[in-house]
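Data first, discussion second: the structure below is written as structure tokens.
Every number for a ligand or one of its atoms is a count from 1 in the order of the listing. Quick caveat, the model's predicted, so the values are computed rather than measured.
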Amino acid sequence: MSATTERPRVICPDSGPEAPYPLHMEGTVISGFGRGSKELGIPTANLPVDASVTPWIADATSGVYFGYASLLLPRAHADSLSSSSSSSSSTSTAEYQIYPMVMSIGYNPFYKNTVRSAEVHVLHRFASDFYDAPMRLLLLGFIREEKDYSGLEALIDDINIDCDVARQSLARPAWTPREGVVGGGTGSLDGAWLVRK
Ligand code: ADP
Ligand code: RBF
Ligand code: MG
């Protein structure tokens with residue numbers, strides 16, 4: 001129908017991420033604009049944009065990035081693999097779990113925001129919210145610049161293609177961490193920073 005459907009689904013070299021990637025970012029999941037992105041089927045976990053914590057973000061091109069997110073979920077969260085019910089030891093500490101992600105950094109021209117936001121759509125279906133959870137991000141590549149759209153449907157279509165691009169591009173061995181990806185296989189990417197204590 002539109003040109004967007006012709007977008008390539010695998011981007012960046014098979015050999016793995018290239019400079020300046022990987023880029024790191026971390027923070028606590030905060031409330032966003034409350035625009036009901038959840039109702040659109042695309043919830044986004046917002047992180048504070050603070051150049052004193054994340055120096056590279058000040059000069060980062062606004063747009064859509066892909067990579068991995070790790071989350072330290074409370075042990076009571078249904079998606080926590082270190083929940084007391086699934087853990088053999090009651091003294092074990094919670095661990096970061098890795099998920100593929102796609103994210104937007106920018107002003108969301110469709111909504112004409114005046115402040116820059118960083119929002120992450122985690123490619124996993126969660127049983128419940130995880131506001132206040134510590135989150136780490138490993139950005140591995142840039143997908144596209146942010147755009148304005150004539151209608152919400154066109155924005156949603158493009159975001160769904162972004163998800164497809166991220167999923168397929170991250171599925172290659174040099175783009176998959178050695179361990180720790182929830183529901184994922186193993187590859188040769190160094191994901192140690194995402195899960196370190
Ligand atoms: P807000 O405007 O507060 O960011 P959203 O509608 O974007 O609200 O929903 C974001 C919240 O949804 C996240 O903070 C998180 O707690 C929850 N959530 C559930 N599933 C996901 C997911 N797959 N990716 C991102 N956030 C999710
Ligand atoms: N907003 C835009 O205005 N233009 C975009 O091109 C755009 N691309 C996005 C891509 C992804 C992968 C995600 C997760 C969000 C994107 N957004 C974009 C932000 C979107 O408008 C925002 O998530 C909702 O408004 C909810 O805050
Ligand atoms: Mg959000």
Side-chain angles (χ1 to χ4, degrees), residues 2-5 7-12 23 25-49 57 60-81 94 96-170 181-184 194:
S2 68
T4 58
T5 53
R7 291 173 50 193
R9 295 309 197 264
V10 177
I11 60 169
C12 304
L23 291 171
M25 179 168 184
E26 66 184 313
T28 298
V29 177
I30 56 172
S31 294
F33 302 100
R35 256 189 223 115
S37 49
K38 224 173 266 171
E39 283 73 17
L40 310 178
I42 311 168
T44 59
N46 291 57
L47 288 184
V49 174
I57 206 158
T61 303
S62 290
V64 183
Y65 295 79
F66 74 107
Y68 291 93
S70 65
L71 275 170
L72 190 61
L73 295 171
R75 288 154 61 90
H77 194 284
D79 293 273
S80 173
L81 299 175
Y96 278 90
Q97 300 170 190
I98 305 177
Y99 304 91
M101 65 86 182
V102 65
M103 76 178 293
S104 144
I105 298 175
Y107 295 94
N108 300 1
F110 184 69
Y111 292 99
K112 303 185 170 47
N113 293 347
T114 54
V115 293
R116 211 151 177 251
S117 65
E119 11 178 339
V120 179
H121 176 59
V122 183
L123 298 172
H124 180 82
R125 200 173 290 276
F126 290 89
S128 60
D129 288 349
F130 45 85
Y131 287 106
D132 299 324
M135 181 183 250
R136 293 182 185 149
L137 302 176
L138 196 67
L139 282 73
L140 299 180
F142 182 79
I143 299 184
R144 63 175 175 89
E145 301 206 337
E146 58 179 353
K147 296 182 3 188
D148 197 357
Y149 295 88
S150 49
L152 191 57
E153 279 311 314
L155 170 63
I156 295 174
D157 286 352
D158 245 3
I159 296 179
N160 282 324
I161 294 173
D162 296 330
C163 295
D164 218 19
V165 170
R167 236 180 247 110
Q168 296 199 36
S169 299
L170 293 170
V181 185
V182 174
L194 287 168

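Every atom of ligand 2 is numbered from 1 in the order shown, and the set under 4.0 Å from a heavy atom of Val102 is 12 (C). Counting the atoms of ligand 1 from 1 in the order shown, those under 4.0 Å from a heavy atom of Gly34 are 2 (O). Each of the following atoms of ligand 2 lies closer than 4.0 Å to a heavy atom of Val64: 8 (N), 10 (C), 12 (C). Counting the atoms of ligand 2 from 1 in the order shown, those under 4.0 Å from a heavy atom of Asp162 are 10 (C), 12 (C). Close approach to His124 involves these atoms of ligand 1, each under 4.0 Å from a residue heavy atom: 23 (N).
Among the atoms of Asn46, some N or O lies under 3.5 angstrom from an N or O of ligand 1. Residue Phe126 has no nitrogen or oxygen atom sitting less than 3.5 Å from a nitrogen or oxygen atom of ligand 1, judged on distance alone. Taking any N or O of Gly32, backbone or side chain, at least one lies under 3.5 Å from an N or O belonging to ligand 1.
Atom 13 (C) of ligand 2 has Ser104 CB, 3.7 Å as its closest protein atom, hydrogens excluded (heavy atom only). The single protein non-hydrogen atom nearest to atom 24 (C) of ligand 2 is Arg35 NH1, 3.9 Å, given as residue, atom name and distance. At the top of the distance list for atom 26 (C) of ligand 2, counting protein heavy atoms only, stands Ser37 CB, 3.6 Å. The nearest protein atom to atom 21 (O) of ligand 2, hydrogens excluded, is given as Tyr111 CE1, 3.2 Å; this is a heavy-atom distance. Looking only at protein heavy atoms, the nearest one to atom 8 (N) of ligand 2 is Arg144 NH2, 3.0 Å. Here the heavy atom of the protein found nearest to atom 20 (C) of ligand 2 is Asn108 ND2, 3.9 Å.
One option in Phe66, Phe110, Tyr107 has a heavy atom closer to atom 3 (O) of ligand 2 than any other, and that option is Phe110. Among Thr44, Leu155, Asn160, the residue whose heavy atom lies closest to atom 7 (C) of ligand 2 is Leu155. Counting only non-hydrogen atoms, the option in Lys147, Met103, Glu145, Glu119 that gets closest to atom 4 (N) of ligand 2 is Lys147. Ranked by closest heavy atom to atom 11 (C) of ligand 2, the top entry among Ile159, Val165, Ile105 is Ile159.
Residue-environment remark: CD (Gln168) exceeds the threshold of 12 foreign heavy atoms within 6.0 Å.
Under a 4.0 angstrom heavy-atom cut-off, Gly32 registers as lying outside contact with ligand 2.
Here the CG atom belonging to Asn46 is positioned 10.0 Å from the CE atom belonging to Met135, to the nearest 0.5 angstrom.
With a cut-off of 2.8 Å, the protein N/O/S atoms near the Mg ion (ligand 3) add up to 3.
At a threshold of 4.0 Å, the pair Asp158-Arg7 counts as salt-bridged, since one of the basic side-chain nitrogens sits closer than that to a carboxylate oxygen. Ion pairing between a basic and an acidic side chain is recognised when a charged N comes within 4.0 Å of a carboxylate O; Asp79 and Arg125 show no such pairing.
Under the salt bridge (charged side-chain N to carboxylate O under 4.0 Å, His left out) criterion, Asp148 pairs with Lys112, not counting sequence neighbours.
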